[in-house]
2 protein chains.
Amino acid sequence: MATDDASADASGYVQPEIDVPALTALLDGEYHEIRDLVRTNLVRYASVLDEADELGTDAFRERVRELVVEMAATGQTGMGFPKRYGGGGDVGASIAAFETLAYGDLSVLVKVGVQFGLFGGAILHLGTARHHDAYLPDLIAGRLMGCFAMTETGHGSNVQALGTVARYDAGTGEFVITTHGDQASKDYIGNAARHGELAVVFAQLEVGEKSEGVHAFVVPIRTGGDVAPGVRIEDDGRKMGLNGVDNGRIRFDGVRVPREALLNRFADVTPDGVYESSIDNPDRRFFTMLGTLVQGRVSVGGAGVGAAKVALSIALRYAVRRRQFATTPDAGEQLLLDYGLHQRRLLPLLARTYALHFAQDVVRGHLHEVFSGHTDDPQARRRLESRAAGTKALGTWHATRVVQECREACGGAGYLAVNRFAALKADSDIFTTFEGDNHVLLQLVAKGLLTDYASEFEDLDQRGMVRYVTGLAVETVIEKTSVHKLLERVRDLLPGGDEWDQEAGLLDSEYQLAMLRYREEHMLAGVARRLKRGVDQKRDPGAVFSQVQDHVIAVARAHVERLVLEAFTDRVRAMPEGGNRVALGLLCDLFALSTIEADRAWFMEHGRLTVQRSKAISREVNDLCRKVRPLAVDLVDAWGIPPEMLRAPDLVG
Amino acid sequence: MATDDASADASGYVQPEIDVPALTALLDGEYHEIRDLVRTNLVRYASVLDEADELGTDAFRERVRELVVEMAATGQTGMGFPKRYGGGGDVGASIAAFETLAYGDLSVLVKVGVQFGLFGGAILHLGTARHHDAYLPDLIAGRLMGCFAMTETGHGSNVQALGTVARYDAGTGEFVITTHGDQASKDYIGNAARHGELAVVFAQLEVGEKSEGVHAFVVPIRTGGDVAPGVRIEDDGRKMGLNGVDNGRIRFDGVRVPREALLNRFADVTPDGVYESSIDNPDRRFFTMLGTLVQGRVSVGGAGVGAAKVALSIALRYAVRRRQFATTPDAGEQLLLDYGLHQRRLLPLLARTYALHFAQDVVRGHLHEVFSGHTDDPQARRRLESRAAGTKALGTWHATRVVQECREACGGAGYLAVNRFAALKADSDIFTTFEGDNHVLLQLVAKGLLTDYASEFEDLDQRGMVRYVTGLAVETVIEKTSVHKLLERVRDLLPGGDEWDQEAGLLDSEYQLAMLRYREEHMLAGVARRLKRGVDQKRDPGAVFSQVQDHVIAVARAHVERLVLEAFTDRVRAMPEGGNRVALGLLCDLFALSTIEADRAWFMEHGRLTVQRSKAISREVNDLCRKVRPLAVDLVDAWGIPPEMLRAPDLVG
C-alpha cells in the first residue's frame, strides 16, 4: 500500500479494527428482522436483475407484478398497515423494509411504493372504515392493484392548481369526474398503463357551484381487465428506467362514482349536497391531507441512500482489486484506491452515505412516532414534514451523484449492463423528481424555517411568504423563527458569543456542529432581510422571490446538512468504545469537514474561516481519506447488501 | 416577466437583439457546408431516434450499420481521408461533421467514430501505402467494417502495459497474435460483436526474444461473416446506452498474420526478423504512434458539447413554456425561466457551452493545421495533444452535468423515453471514459505543463515525473515550464507585478483572464514544490504522487479553463459591433465570472479575492443571468439543431 503509514504512526494514530457484524447490527437497528426478511427475498428473486435486461417491457412488467405479489405474501410489503387487515402494524418497519428493498431492482421497489405506499397509503390515511374494509385486505395481498392519480401533465409540483374536477350531483348522489383539457390528464401514474383496477384520483371538488379545493376519490379504472367506461388510458411508454412499472396517462370523461367514493377522513359531502369538514381553513385542510402522505418522501429518501450504498459497494470493491500504472519499475501496478484522487472521489461520498443513513434513522423514527400516535401533534407533524422533505432531497441528489461518480470510477466495465450501474443510474434518476421535486421540497423546508412552523403560516404560498415578511420587522421574524433558538445554541457552544474559537480542533465535533449551525442561522436571517427589503421597496413579489430563491434553497440545504451532522454525531457519541466507534468517528469527521470544505467560500466570506484554517481543513480531509482507506471494504460490507445484488461480475470478482 | 427590468434600465443597460442566422453563421464558421450536409442527413434519418427505442438490440445494430453506410455515401463521414481514396481531404471538416452528428442518435455517432475515426484513423496514420491501398477505399465507403482493438479487460488507461503479444516468427514471416489470460482480452471493442471484419490490434511486439513495446497489426477477425480461426469473440451484451454499437471481447489463440500486417509507418520488422524504427527511444515511439490518434479525443470532446447543446435546447424551450405557481392571485402561473433559481441552474451552463464551443474551434484548428501539414512540428503536436486531452475532459464532463441538470429541470416529462433525455443520458455517459479516462487525460495535461512539453521528458511516467522533479531546484522547474511565460504574461497585464488591481471592473475581460492565469501559474508552482518536497524527504514516490494527485488534476483543470476563456474572449473581441457581440459578451462574462465564483474559495485562500469582491462576483453572476434570460431561446436556436433532433413532443411543443 502506498499510503503513508509511517507519518500516521508518528502522530500516534492506531488504525481501528472494524467488527463488521456488530456494525451491521448497529445499522440495522431495531428493524433487523424485517431487513433480513427483505434480504432473503432479494436473494430468492435475484434473477429479476437479469430479467430487467432480458425481458421486453410487457413481460418485465408482468414479472415485476408477480414478484411484488409474492413478496407481499411474505409480509414484507404490508408492515405499515393495521394488523386487523393483514398488515404488520409497524410504520417504522415498513420504511425499513423499503430502504432495504432498494438494494435490489428498483422497478420492484417503485411498484411496491406505488401499490402499498401511495395507493395503499391514500386509502389508509385519507379514507375511513368503509374504504379500509372494502379495499385494504385485497390491496395488502396485492390482489387489488391501484394507482395514486395526483400528478397531471400540466401540474406536478403545484398540486393545489390541479385541473381535474369532481362535481357532486345531488340528484343521483354521485360525483362526476372530468378531465378538462389535455393538461389535466393524470400523468406518469404508476400501475395505470396495465395493472391498476382502482385509482385514488385527486380532483377539485365542486359542490353546488362552489369549489372546495382538492380532494381524493376512489375511481374504478378497469373492470375484469378492461378499461372502465368513460376512462381513457394511454401508456406512457418506455422510460429512462423503471420499465417494470407501468406508468400511464388517465383521462376521465364524466365518470360517475357514488358519494361514498370520496375519501372522507377530513371532509365529506352529505347526500343532499352539503360540504362538511373538521378543518375550516381550506389551505390547512389541503396541507393536512397531503401531510398524511409524508411516508412516501421518507421512503424515497431512504431508497436513495440504499441505491448509493450499492454503487459504492461495487466501486470500492473494484478499487481494491483493480490495478493501473506502476509507481516504480520493480513494483506491480498500484491499486486504484491507493491513489489519493480515487480516495478523494469515493471516500467523502462513503462518509456522506453513512451520515444520511443515520439521518434517515431519525426521520423514520419521527414518522413512526407520529403515525403510531405516540407523538402526534401539529408541531411534530410539521417537524416530520420538513425533515422528510429535506432528507428526501439530499438523499436522492446524493444517489444521483454517487451512482455517476462510481460508474466513472469503474471505467468502461461500469458501462456494461451486466454490471449494475446502467440499471441503477437509469432507475434512480427520477428519485430527485417524484414524491416532490427536490428544489420545491427545499423551498418547503425554507418556508418552515422562516415561519418556525407556526400553524397560522403553514398555508402561505410564495407570495404570502413575501407579504408576511413585509408586515414584520426583521427582529420579529427572527424572534418568531428558529433563528432565535439557533443563535442561543451557537452562543451556548461558543463562550464569548459571537467570537469564534479559531483554536478549536478541527476534529472537535462541537466545532463542526457550531460551524453548520452558524451557517444556517446566518443564511436564514439573510433571506428574511432580503425578502423584507424587496417588499419595502415595493417591488414585484415574484421578482423579489426570484432574486432570493437561490438563498432560500441554500438555507434549506444548510439546515438539512446540520440535521444530518447532528444525527451522525449523536449516534457516534452513543456508541460503546471500540474499533467501530473509532471508525465511525473518522467517517463523521470526514463528513463534517468535507461538508464545510465544500462551502468554505461561504465561511470565509462570512468571517468564520481564515485562509489558514480553510487550507487546514482540506489537508485534514485528505488525511481522513487516508485513514478511512484501509477500512473502506469493511464499511461497505457492514451494510449487509447481499452479494447477488452487486451483480457486477467483472468488478467485484 | 418577473425579472427586474426597471433596475436594468436604470443602469443604462439596453437589451441586445440577436441576429440568429448571423450567429449560426459565426458558430458554423468555415465548415457551414459540411455541417448543413450533416443536418440534412440527420433530418432524413430522424426516425433512428424512435428506432433506438423500438427495435431490439440486434435489429437496432443492423439499422445503425445501414445508416452509417448510407451516410458514408453522402461523403459526410469520409472528410478526413485523402481524396485519392475517396475521402474529402479535410481533417477539420471531418471533425466539424462529427460535432454536428452529435445532435442526433449517439449510437450512429459512435459507430461512425469507431469505423472512420478509430479504425480508419489507425489504418491511415499508423499504416503505409500498402495498407491504404488495400483498405481505405472499402473502409471509407463502409463496405469494410473494422475494429480498433486497443483496450483490454485488464488495461484501459495504461496502454503500455497491454497483455496481448505479437511474436514474430522469422521461419514463416508471420506474426503470431496471442491473448495471454482473460485480463488480456480486447474488451469493449466497437464493431467486434457483429460487423467487424478486420481489427487493428495493439499488442506487445516480440522479435527474437526481445520485446519492442506496443505496436498495431491488421488482423482479420471474420471472413464471410464467420469468426476467423483462432479468434474468439464474445458479445459485451447490453450496455447502459449506445446499444446500436456492437461492442465485444476478442481473444486471439496464436492467430497468424503476414509480416505486412504490421502497421509500419513508425517501425517495421525485416523478413529475417530485425526490428527497425525511425524513432530510437521506445517511449517516444509509443507516444508518437498514440499521438497520431489524437483526432478521436478532439472528436469526442466536440461531441460532448453537441450533446449538451441538445439537452439545453430542450430544457430552455421548456422553461419558457412551462408555468408553475402563481406569484400573485390575479396573475397566471410564472414561467420556469423567470425563477432566479432556474436561471442559475441553466444559464451558466449555457454560457459554458458557448465557451467550450469556441475552445473546440481552437483545438479543431490545431488538429487541422498539424494533420494537414501546415504546422507539423513536435511542439505543435504536443500542444495539440495536451489541448485535445483537456478539452475532451472538460467537454465530456460538461455533457454529463448538463444532461442531468436539464433532465431534472424538465421534471417527470424528462424521464419519458419519448423525450430525448433518456437516450442522451445513457448514450453520452461513457464519453467521460472512452478515448481516455478524463482524470488520466488531465494528468497528461499536467505532465505537459510540468515539463513545458520538452521532448526529453515526454516519456516520463509518474515515477519519472517525481524523479525528474527531484533532480532540479524548483526554480529550474519554473524556468523550464510555462510557468515562466505565464508569470510574464500576468505581469504584463497587471502593472505592479504581483500587486492585484482590486479596483478593476469585474466585467473587464483582462481582469477575468488574469485571474485564471494567476490560478494556473500558482497551482503549477505549488504542485512542483510539493513533488520536490516529497522526494527530498525520500518518501515513497507512489505515496508522494498519491498525495499530490488532486493538485495535479486541479492545475490541469485550471489550465484548460484558462484556455477556454481565452478562446471565448478572443472570438468576442473579433466580432463586429452589434447585438450578437453584446449578447456573446454577456455570455463570456457569465462564463468567466461563474468559473471564478465556483473556485472563489481558492482565490480567497490565495489572496486574490477579498470577501467583498467575492460576494460582488456572485451578485454579478445573478445579474448576468437576468440579462441573458430574454436571449436564451435565440442563443440555443443559433446552434441550428434540427427540430426533429429535439424529439421532445411534451416539452418543446
Side-chain angles (χ1 to χ4, degrees), chain A residues 2-4 53 151 156-158 161 187-188 236-240 324-325 327-328 333-334 338-341 344 400 404 407-408 411-412 415-418 421-422 425-426 429-430 432-434 437 439 461-463 539-543 545-547 549-550 553 600-601 604-605 611 614-615 622, chain B residues 2-4 53 151 156-158 161 187-188 236-240 324-325 327-328 333-334 338-341 344 400 404 407-408 411-412 415-418 421-422 425-426 429-430 432-434 437 439 461-463 539-543 545-547 549-550 553 600-601 604-605 611 614-615 622:
Chain A
T3 50
D4 261 339
D53 280 346
T151 298
S157 298
N158 190 4
D187 209 346
Y188 322 115
D236 273 327
R238 294 282 295 179
K239 305 184 297 293
M240 186 184 291
Q324 204 75 246
F325 293 109
T327 54
T328 52
E333 290 180 297
Q334 183 165 294
D338 287 330
Y339 284 100
L341 182 71
R344 263 279 183 178
T400 298
Q404 184 63 33
R407 198 298 290 160
E408 292 184 31
Y415 196 64
L416 299 186
V418 72
F421 292 109
K425 180 169 163 170
D429 174 273
I430 196 65
T432 55
T433 298
F434 69 14
D437 173 88
H439 285 108
D461 57 13
Q462 290 168 2
R463 176 186 55 84
R539 289 165 55 203
D540 173 64
F545 180 77
S546 174
Q547 288 203 14
Q549 198 180 13
D550 57 335
I553 296 296
R600 67 195 197 280
M604 284 189 277
E605 285 170 354
V611 161
S614 176
K615 291 178 176 174
N622 284 334
Chain B
T3 50
D4 260 340
D53 280 346
T151 298
S157 298
N158 190 3
D187 209 346
Y188 322 114
D236 274 325
R238 293 284 294 180
K239 305 185 297 292
M240 185 183 292
Q324 203 74 246
F325 293 109
T327 53
T328 52
E333 291 181 297
Q334 182 166 296
D338 287 329
Y339 285 100
L341 182 72
R344 262 280 183 179
T400 298
Q404 184 64 33
R407 198 297 290 158
E408 292 184 32
Y415 196 62
L416 300 186
V418 72
F421 293 110
K425 180 168 163 168
D429 174 273
I430 196 64
T432 56
T433 298
F434 69 13
D437 173 88
H439 285 108
D461 57 13
Q462 291 168 3
R463 175 187 55 84
R539 290 164 55 203
D540 173 63
F545 180 77
S546 175
Q547 289 203 12
Q549 198 180 13
D550 56 337
I553 295 297
R600 68 195 196 281
M604 283 189 278
E605 283 170 355
V611 161
S614 176
K615 291 178 175 174
N622 284 334

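Every chain is numbered from 1 and lettered A, B, ... according to where its sequence line falls, protein lines coming before strand lines. Quick caveat, the model's predicted, so the values are computed rather than measured. Only heavy atoms go into these numbers, but all of them, side chains included; no hydrogens, no water, no symmetry mates.
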For [X], is it the side chain, the backbone, both, or neither that has a heavy atom closer than 4.5 Å to a heavy atom of chain A?
| X | result |
| --- | --- |
| Phe434(B) | neither |
| Asp437(B) | side chain |
| Thr400(B) | side chain |

Restricting to non-hydrogen atoms, name the atom on [X] and the atom on [Y] that form the minimum distance, rounded to 0.1 Å.
| X | Y | answer |
| --- | --- | --- |
| Gly340(B) | Ser546(A) | N-OG, 2.7 Å |
| Gly412(B) | Ile430(A) | CA-CD1, 4.0 Å |
| Met604(A) | Val611(B) | O-CG2, 3.4 Å |

Portion of [X] that has a non-hydrogen atom of chain B nearer than 4.5 angstrom:
| X | result |
| --- | --- |
| Arg238(A) | both |
| Ile553(A) | side chain |
| Asn622(A) | side chain |

Legend entry - side chain to side chain donor-acceptor pair (under 3.5 Å) between Glu333(B) and Asn158(A), intermediate numbers included: CA-CA 10 Å; Glu333(B) 291 181 297; Asn158(A) 190 4; 2.8 Å; yes

Sort out for me which of [options] touches chain A most, counting heavy-atom pairs under 4.5 Å.
| options | answer |
| --- | --- |
| Ala422(B), Ala161(B), Gly237(B) | Ala422(B) |
| Asp429(B), Thr151(B), Thr432(B), Asp236(B) | Asp429(B) |
| Asp550(B), Leu341(B), Thr433(B) | Leu341(B) |
| Met240(B), Lys239(B), Lys615(B) | Met240(B) |

Inset, instruction - List the steps, then state whether side chain to side chain donor-acceptor pair (under 3.5 Å) holds for Gln324(A) with Ser157(B). - result: CA-CA 7 Å; Gln324(A) 204 75 246; Ser157(B) 298; 5.3 Å; no

Inset, instruction - Check whether any side-chain heavy atom of Gln404(B) sits under 4.5 Å from a side-chain heavy atom of Gln404(A), and report yes or no. - result: no

Legend entry - From CA spacing to verdict: side chain to side chain contact (heavy atoms under 4.5 Å, CB included), Gln549(A), Arg344(B): CA-CA 10 Å; Gln549(A) 198 180 13; Arg344(B) 262 280 183 179; over 6 Å; no

Inset, instruction - Report the distance from atom OH of Tyr339(A) to atom CD of Gln547(B), rounding to the nearest 0.5 Å. - result: 14.5 Å

Inset, instruction - For the pair Tyr415(B) (side chain) and Ala426(A) (backbone), establish whether a donor and an acceptor sit closer than 3.5 Å, ignoring hydrogens and angles. - result: yes

